[in-house]
Amino acid sequence: MRTRSLSHNSNRQQQKVHPTFVEPFNLVEPIENQAPPVVTMADIHTMAQLLEAPTEGYKDAIVVPEITADNFELKHGLLTLVQNKQFFSDDKEDPHAHIRYFNKITSTMKFPNVPSMSVKLMLFPFSLEGAARIWLEKEPPRSILTWDDLVSKFINKFFPPSKTTNLRNEITRFQQRFDETFYEAWDRFNDLLWACPHHGFSELHQLDTFYNALNSDDQDSLNFAAGGNFLDKMPRDCLRIIESKSKVRNSRNKPVVAKVSTSNSTPCISLDVAELKDMVKALLLDKKNQSQAPATVKAVEESCVTCDGAHSHRNCPVTDGNVYRDNI
């Protein structure tokens with residue numbers, strides 16, 4: 001029994017156990033089952049064809065909504081009106097005034113079943129020229145979808161914040177000029193407000209700025225028209241008084257120098273002005289007398305160079321013929 005068990009154990013020790021290696025699962029399908037590769041368009045073009053400039057695919061910056069109306073077309077007369085006053089982006093041009101003029105022109109034309117926004121978006125490029133047209137052409141394609149988008153981009157481009165700041169400062173520092181009438185000052189002040197419609201000043205601030213910018217005579221005139229202190233009135237009443245006074249265009253206040261010359265508190269200046277007037281009158285009178293009595297011209301008398309006689313040397317009796325004697 002022991003020998004048998006020993007032989008069994010020896011056999012078990014002589015047997016070797018070999019590990020089993022499992023092949024990894026191949027996820028790639030066989031070549032015969034794979035679809036053929038897709039050939040793109042670029043793969044069938046030559047280098048020369050790929051380097052050519054594109055001839056299609058240009059998109060405008062303005063997206064005009066689709067018009068469903070039948071037989072719609074822009075009239076030539078409307079295009080002419082728009083092109084008669086084009087915007088060139090000059091420094092003296094006002095983009096706000098251009099938008100107002102464009103809205104006025106387009107509002108005169110009504111098309112059945114056609115939104116006004118579509119008409120404006122179609123016509124606006126024709127109202128630009130020069131640098132303004134180049135700006136619109138450089139805008140990203142399909143970046144302007146509505147009329148408000150177009151106006152916002154146009155104003156921000158040609159009316160930058162720096163220009164707004166300068167105009168606001170001009171309005172705040174407004175002063176009536178020395179030789180400026182009330183009407184001229186009011187008209188110039190309104191021009192500043194018109195040039196910057198987004199100035200942000202209230203009506204109260206505008207009236208207060210204009211009143212304090214006037215000279216003392218015009219302020220007294222407004223106070224008299226208001227029956228007291230002008231600033232004690234309601235803003236609408238103050239505006240009514242200003243507009244009523246501005247209608248008188250031929251009234252011009254005298255310069256400050258004239259008021260000083262007629263003042264009783266400065267007698268020395270009045271005397272100097274009176275003496276100056278007398279001097280001017282005397283000069284004018286003397287000049288008038290000279291023009292009325294012209295001076296007489298004395299005749300030139302002949303004198304002989306030979307004998308100092310009152311005759312020509314050719315008629316001198318001392319000489320014989322063409323021979324002249326020495327008269328030393």
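- The CG atom of Leu123 sits 5.0 Å away from atom CG of Leu78, with the distance rounded to the nearest 0.5 Å.
- To the nearest 0.5 angstrom, Lys233 atom NZ is 14.5 Å from Leu239 atom CG.
- Nearest heavy atom pair, residue Ala69 against residue Val114, reads CB-CG2, 3.7 Å.
- Atom CD of Gln206 is separated from atom CZ of Phe189 by 6.0 Å, given to the nearest 0.5 angstrom.
- With hydrogens and angles ignored, the 3.5 Å screen pairs no side-chain donor or acceptor of Asp208 with any backbone N or O of Leu204.
- A 4.5 Å side-chain heavy-atom check between Asp218 and Leu222 finds every atom pair outside the cut-off.
- No donor-acceptor distance shorter than 3.5 angstrom exists from the side chain of Ser221 to the backbone of Asp217, with no hydrogens or angles considered.
- When every heavy atom of Ser89 is checked against every heavy atom of Ala131, the shortest pair comes out as OG-CB, 3.2 Å.
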Item to complete: Could you please spell out the steps behind the side chain to side chain contact (heavy atoms under 4.5 Å, CB included) verdict for Glu73 and Lys75?
Response: CA-CA 6 Å; Glu73 63 177 353; Lys75 301 297 182 181; 3.9 Å; yes
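- In terms of heavy atoms, Leu150 sits closest to Leu121 at CD2-CD2, 4.0 Å.
- One N or O on the side chain of Ser246 and one on the backbone of Glu243 form a donor-acceptor pair closer than 3.5 Å.
- For the pair Arg133 (side chain) and Pro125 (backbone), a donor-acceptor distance under 3.5 Å is present.
- Considering only heavy atoms from C-beta on, Leu207 comes within 4.5 Å of Glu203 through its side chain.
- Residues Ser127 and Val82 approach most closely at CB-CG1, 3.5 Å, considering heavy atoms.
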Worksheet item: Under the side chain to side chain contact (heavy atoms under 4.5 Å, CB included) criterion, do Trp147 and Asn103 qualify, and how do the steps go?
Response: CA-CA 11 Å; Trp147 172 246; Asn103 284 331; 3.5 Å; yes
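- With hydrogens and angles disregarded, no donor-acceptor distance shorter than 3.5 Å links the side chain of Ser244 to the backbone of Arg240.
- Of the possible polar contacts, one joining the Asn156 side chain to the Ser152 backbone as a donor-acceptor pair under 3.5 Å is found.
- Here the closest non-hydrogen pair linking Glu93 and Lys163 is O-NZ, 3.8 Å.
- One N or O on the side chain of Ser107 and one on the backbone of Lys104 form a donor-acceptor pair closer than 3.5 Å.
- Counting heavy atoms from C-beta on, the side chains of Phe230 and Ile242 come closer than 4.5 Å.
- A 4.5 Å side-chain heavy-atom check between Leu128 and Phe154 finds at least one atom pair inside the cut-off.
- Aromatic ring centroids of Phe158 and His98 lie 6.0 Å or more apart.
- Counting only heavy atoms from C-beta outward, the side chains of Phe159 and Leu167 approach each other to under 4.5 Å.
- By the 4.5 Å heavy-atom criterion applied to side chains, Arg100 and Asp94 are counted as neighbours.
- Rounding to the nearest 0.5 Å gives a distance of 5.5 Å between CZ of Phe182 and CG of Leu214.
- No side-chain heavy atom of Cys196 sits under 4.5 Å from any side-chain heavy atom of Glu170.
- Taking every heavy atom of both residues into account, Met117 and Pro65 meet most closely at CE-CG, 3.7 Å.
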Practice prompt. Could you check Tyr211 against Asn223 for side chain to side chain contact (heavy atoms under 4.5 Å, CB included), going step by step and ending with a plain yes or no?
Written response: CA-CA 10 Å; Tyr211 174 80; Asn223 292 332; 3.1 Å; yes
Discussion item. The test is side chain to side chain contact (heavy atoms under 4.5 Å, CB included); show your working for Met109 and Leu74 and say whether it passes.
Written reply: CA-CA 10 Å; Met109 295 292 179; Leu74 293 175; over 6 Å; no
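- A donor-acceptor pair is defined here as one N or O able to donate and one able to accept, closer than 3.5 Å; such a pair exists between the side chain of Gln176 and the backbone of Asn215.
- A distance of 7.5 Å separates CZ of Arg168 from CD1 of Ile171, quoted to the nearest 0.5 Å.
- Relative orientation of the His198 and His96 rings is tilted, given thresholds of 30° and 60° on the angle between their planes.
- When ring centroids are compared, Phe124 and Phe87 stay outside the 6.0 Å threshold.
- Expressed to the nearest 0.5 Å, how far OG1 of Thr80 lies from CG of Asn84 amounts to 6.5 Å.
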Worksheet item: What do the steps show when you test Phe126 against Phe102 for ring-ring contact (aromatic ring centres under 6.0 Å, His included), and what is the final call?
Response: CA-CA 11 Å; Phe126 296 98; Phe102 184 82; over 10 Å; no
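- Side-chain atoms of Asp60 do not come within 3.5 Å of backbone N or O of Ile62 as any donor-acceptor pair.
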